[in-house]
Amino acid sequence: MPRLSRSFYLRPTLQVARDLLGNFIVCRHRGQRFVGKIVEAEAYREGDPASHTYRGKTKRNEVMYRRGGHLYVYFTYGMHFCANVVTRREGIGEAVLIRAVEPIEGIRRMMKNRGFTADVCPPEADQPPSKMRGKKTRRGDEKSVSWRKGDWVNLTNGPAKFCEAFGLSRQHNGIDLLGNRVYLLNGENIPKSKIGRSTRVGVTNGREKRWRFFMRGNDWVSR
DNA sequence: TGGACGATCCCCT
DNA sequence: GGGGATCGTCCAT
């Protein structure tokens, strides 16, 4: 499968957000490979009050101003990371938040990273246990887990869940997506009829903008 | 130097 | 449907 080219990321951000759907994100570190199909994404643009770049360039958002095709990972709510694909040419602070992926490869390790026991994962490891679901439960201060039928979409159906499953954090901020650590592969072409569009999640300023794109009917879409 | 708040998630009611 | 966890960032003092 060919890698997405630099020119893919340099295009208008709304187009990139929509076209990311159906492509694969690959993360490699320490001999482990994670692969997921992108099923939900949101655009953040200049002049957009919901964007980190709304008030100009800072130390935190500097990566968003780089040339398209870099990874912008930020820390939020004191405990979560979210990952974005930087778009457009250098000097323009725009990006696309990856909100959800469908897990493809590295599933056992994703479960571990998310705090679920892997007991229920089938021995072939990277076959999705499609009938399963996971639920975290609390016992005193100890986090323990149990699995329930029908809930395993919790692995990657949100931007911070995706980052936790794939082990993405601060150290991945600024990575060039045309390198070998994190990159995107050309996947299926999604017909327009299968792409949904809506307002963005968790946004107050700029809430009217319909800059969220998702694959209709996909189980890993966040809502 | 302080304080408000956030592109979230999880648990409880 | 609501609140708590938890801390980096940014802006106002």
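Every chain is numbered from 1, with letters handed out A, B, ... down the list of sequences. Any value given below was found using the heavy atoms of this structure, including those in side chains, with hydrogens, waters and symmetry copies removed.
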ask   = Phe213(A) CZ to dA7(B) P: how many Å, rounded?
value = 19 Å
ask   = Does OP1 or OP2 of dC10(C) have a side-chain N or O of Lys59(A) closer than 4.0 Å?
value = no
ask   = When only distance counts, do a donor and an acceptor, one from the side chain of Tyr74(A) and one from the base of dA7(B), lie under 3.5 Å apart?
value = yes
inquiry  = Nearest to the side chain of Met79(A), heavy atoms from C-beta on, is which of dA5(C), dT8(B), dC7(C)?
reply    = dA5(C)
request  = Count the heavy atoms of every other residue, nucleotide or ligand shown that sit under 6.0 Å from CZ of Arg11(A), and state whether that count exceeds 12.
outcome  = yes
ask   = Which is true for Arg60(A) with a 4.0 Å heavy-atom rule: it touches a base, it touches only sugar-phosphate, or it touches nothing?
value = sugar-phosphate
ask   = Within this structure, what is the OH-to-C1' distance between Tyr54(A) and dG6(B), rounded to whole angstrom?
value = 17 Å
Rounded distance in Å - CZ (Phe81(A)) to P (dT6(C)) = 15 Å
request  = For the pair Glu40(A) and Arg99(A), find out whether any cationic side-chain nitrogen is under 4.0 Å from an anionic carboxylate oxygen.
outcome  = yes
task = Report which part of the nucleic acid Tyr77(A) touches: base, sugar-phosphate, or nothing (heavy-atom distance under 4.0 Å, all strands).
result = base
note = Here the distance between atom C1' of dC10(C) and atom CD of Glu62(A), to the nearest Å, is 17 Å
inquiry  = Using a 4.0 Å heavy-atom cut-off, does Thr58(A) contact any base of the nucleic acid, only the sugar-phosphate backbone, or nothing at all?
reply    = sugar-phosphate
ask   = Over how many whole Å does the gap from Met64(A) atom CE to dA7(B) atom P extend?
value = 11 Å
task = Indicate yes or no: does Arg88(A) engage Glu46(A) in a salt bridge with an N to O separation below 4.0 Å.
result = no
ask   = How close or far is atom P of dA7(B) from atom CG of Asn84(A), stated in whole angstroms?
value = 11 Å
request  = Compare side-chain N and O positions of His52(A) against OP1 and OP2 of dA7(B) and report whether any pair is under 4.0 Å apart.
outcome  = yes
CA sep, side-chain torsions, deciding dist, call: Phe34(A), Arg109(A), side-chain contact (heavy atoms from CB on, under 4.5 Å) = CA-CA 8 Å; Phe34(A) 298 104; Arg109(A) 188 55 189 266; 3.4 Å; yes
inquiry  = Need one value for Ala50(A): base, sugar-phosphate or nothing, where a base atom within 4.0 Å counts as base even if backbone is also close, heavy atoms only.
reply    = base
ask   = So which nucleotide from dG8(C), dC10(B), dG6(B) ends up closest to the side chain of Arg114(A)?
value = dC10(B)
inquiry  = Please report the distance, rounded to the nearest Å, between CG in Asn157(A) and P in dC9(B).
reply    = 8 Å
message = The side chain of Arg99(A) is closest to which nucleotide in this list: dC10(B), dC10(C), dA7(B)?
response = dA7(B)
inquiry  = Whole angstroms only, please: what is the OH-P distance between Tyr72(A) and dT9(C)?
reply    = 9 Å
message = Heavy atoms from C-beta onward define the side chain here; which of dC10(C), dT8(B), dG8(C) lies closest to that of Phe75(A)?
response = dG8(C)
inquiry  = Quiz question: by atom type and distance under 3.5 Å, do the side chains of His70(A) and Tyr9(A) form a donor-acceptor pair?
reply    = no
ask   = For dT9(C), what is the paired nucleotide under Watson-Crick or G-U wobble rules, both distances under 3.5 Å?
value = dA4(B)
